Amino acid sequence: MRPALLPNRSRGKLIVVEGIDGSGKSTQLSLLSHWLRSQGLAVAFSEWNSSPLVRQTTRRGKKKEMFTPTTFSLIHATDFADRMERYILPLLKAGAIVCADRYAYTAFARDVVRGVDREWVRNLYSFAVRPNLRFYFRVPLDVALGRILGGRDALKYYEAGMDLSLSRNLEESFRLFQGRIIEEYEAMVGEMGFHVIDATRSIEEQQQEMREIVKAELGAALQSDSLLRLPAGETLAGSQTSGIL
Amino acid sequence: MPVRRPLEFYKVSLAGVDASELNGKLIVLEGPDAVGRSTQVTRLREWLERLGHAVLDTGMARSALAGKGIQRAKEGHTLGALTLTLFYTTDFADRLENEIIPALRAGFVVLTDRYIFSIIARAIARGEDPRWIDQVCGFGLVPHAVFYLRAEVPDLISRVVWGRGAFDYWESGMDVRIGGDMHESFVKYQTRLIRALDRMARDYGFITIDASRPSEAVFKDLQRRILRLLKPRSQSGARREAPASA
């Protein structure tokens, strides 16, 4: 029996986006957060790999290429646990909407491609709260690669899966690695209940679709008093920037 | 409980690690804080090296990857139970893959000060689900022997007061907020640890050593048992197995 995530028993709602890098998920989540805030709701944001207690260790480990599939998996779970314990859970309990860029599913897809035992990583994250909404941004590999290469200097070692010795060429390795991650994501769509968004459509079209889904699934909660509301013009401290709340 | 053979993985293999060529001896010392493990490890190491064995000694929160991070995180006293547990697990995994396994491959005797059992006990003492953490730590290697240095809380308290002169925040489980002051917290927290270790002693087949005795007596006890462990194989050539688990 696969360990499921914990049911969300708090007043707040948890919305997550998933997809490979270059899928446009972060942009969409940001637009969604702004839209929700414009309705007077308290919206908080949490990004993968952002725990202040853990990220120095992660950064150093990546720079010095110290990670194995298992330690890579565990340090990200540690980062996730910190964000869960100290930010996400308390904010959900307070009735905020928490928008997370990447969630346990990132680990399920990526760590398994690295060779980590599937049941083991599912159990590892079993302390995580089950999101109310899970969006998966489906993008062809070439499109994603084009966006990434267009955007910054170089692909990074672990991002390209270079530790797996798939290819000595960074770009080729990235292609193969992220291709396998896509396979894992796709295999999870039904089981995890992802809303699949076609990431090749325009930004506006994708955002419209997301908003329709949010209205359909969370409409009642959004109208009710159960969610935390902020006075007009106010935002949660720190919630404008990406990273920790 | 399935019979576990030394140097196999408890529940799940480490990705990309072949454990079939590991040769050395994996010896674990477990027990609550202030019971004298580190003293024993140091003495045992010197003794084993004198006998001609190559020895690696390794302990919690000392990994190249996570050691400093854990130290820094603990300084701020804001570390949650789950995060602390997983940070320790990361640290352990790093030491297992980068220190312990290479040493075993080279035929070393590995003396480890604490193992997955302390991680599990600390998690349980903080209210985490025992089955969860047990599964998470399932990538540990089965040791040749787990020596459980057992003592009751009053013994530990005297050692803390006489030996160090102060109670440590984390060793007193102050983050769990189970006691009004450090002393009361220490008592309650260490009691939980000991209870968890006692249960694991049964389930995992620890060799329990009475550590309330003077350190010299404990050392001689450990020496005797380790010598037996390191003896060459019997005539039948049968592989020496770990103490049978329940």
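Within every chain, numbering begins at 1; the chains are lettered A, B, ... in the order of the sequence lines, protein sequences first and strands thereafter. Quick caveat: nothing in here was measured; it's all calculated off a predicted structure.
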#### Entry: chain A contact via B:L79 - which portion, at a heavy-atom distance below 4.5 Å
both
### Task
Decide, yes or no, whether a salt bridge links A:R138 with A:E186 under the criterion of side-chain N to carboxylate O below 4.0 Å.
yes
### Task
May I ask you to say whether A:R55 pairs ionically with A:D79, meaning some side-chain N is under 4.0 Å from a carboxylate O?
no
### Message
For A:C99, run the side chain to side chain contact (heavy atoms under 4.5 Å, CB included) check against A:P131, A:S46, A:S33 and tell me which one passes.
### Response
A:S33
### Task
Identify whether the distance between the nearest side-chain nitrogen and carboxylate oxygen of B:R45 and B:E49 falls below 4.0 Å.
yes
### Task
Determine, for B:R114 against B:D33, whether the closest basic-nitrogen to carboxylate-oxygen distance falls under 4.0 angstrom.
yes
### Query
Can a salt bridge be assigned to the pair B:D198 and B:R202 using a cut-off of 4.0 Å between side-chain N and carboxylate O?
no
### Message
Quick check on B:E97 against chain A: is it the side chain, the backbone, both or neither that has a heavy atom closer than 4.5 Å?
### Response
side chain
### Task
Using a cut-off of under 4.5 Å on heavy-atom pairs, state which of A:T78, A:V121, A:T57 scores highest against chain B.
A:T78
### Query
Is chain A contacted by the side chain of B:T78, its backbone, both, or neither, given a heavy-atom distance below 4.5 Å?
both
## Note on the structure
Ranking B:G69, B:A93, B:G76 by heavy-atom pairs under 4.5 Å to chain A gives rank one to B:A93
### Query
Tell me, side chain or backbone of B:V12 under 4.5 Å from chain A's heavy atoms, or both, or neither?
side chain
### Message
Could you check whether A:E191 pairs with A:R122 (Lys NZ or Arg NE/NH1/NH2 to Asp/Glu carboxylate O, under 4.0 Å)?
### Response
yes
### Task
Could you tell me which portion of A:F72 (side chain, backbone, both or neither) has an atom closer than 4.5 angstrom to a non-hydrogen atom of chain B?
neither
### Query
With no hydrogens and no angle check, do the side chains of B:Y88 and B:R122 hold a donor and an acceptor under 3.5 Å apart?
yes
### Task
Identify the residues of residues 58-65 of chain B whose heavy atoms come closer than 4.5 Å to a heavy atom of chain A, ordered by number, or report 'none'.
B:A64, B:L65
### Message
Do A:T71 and B:D94 pair up side chain to side chain, a donor and an acceptor below 3.5 Å, judged on atom types alone?
### Response
no
### Query
If you tally heavy-atom pairs under 4.5 Å against chain B, which of A:D82, A:D117, A:V54 wins?
A:D82
### Message
Do the side chains of A:R102 and A:D21 get close enough for a salt bridge, i.e. N-O under 4.0 angstrom?
### Response
yes
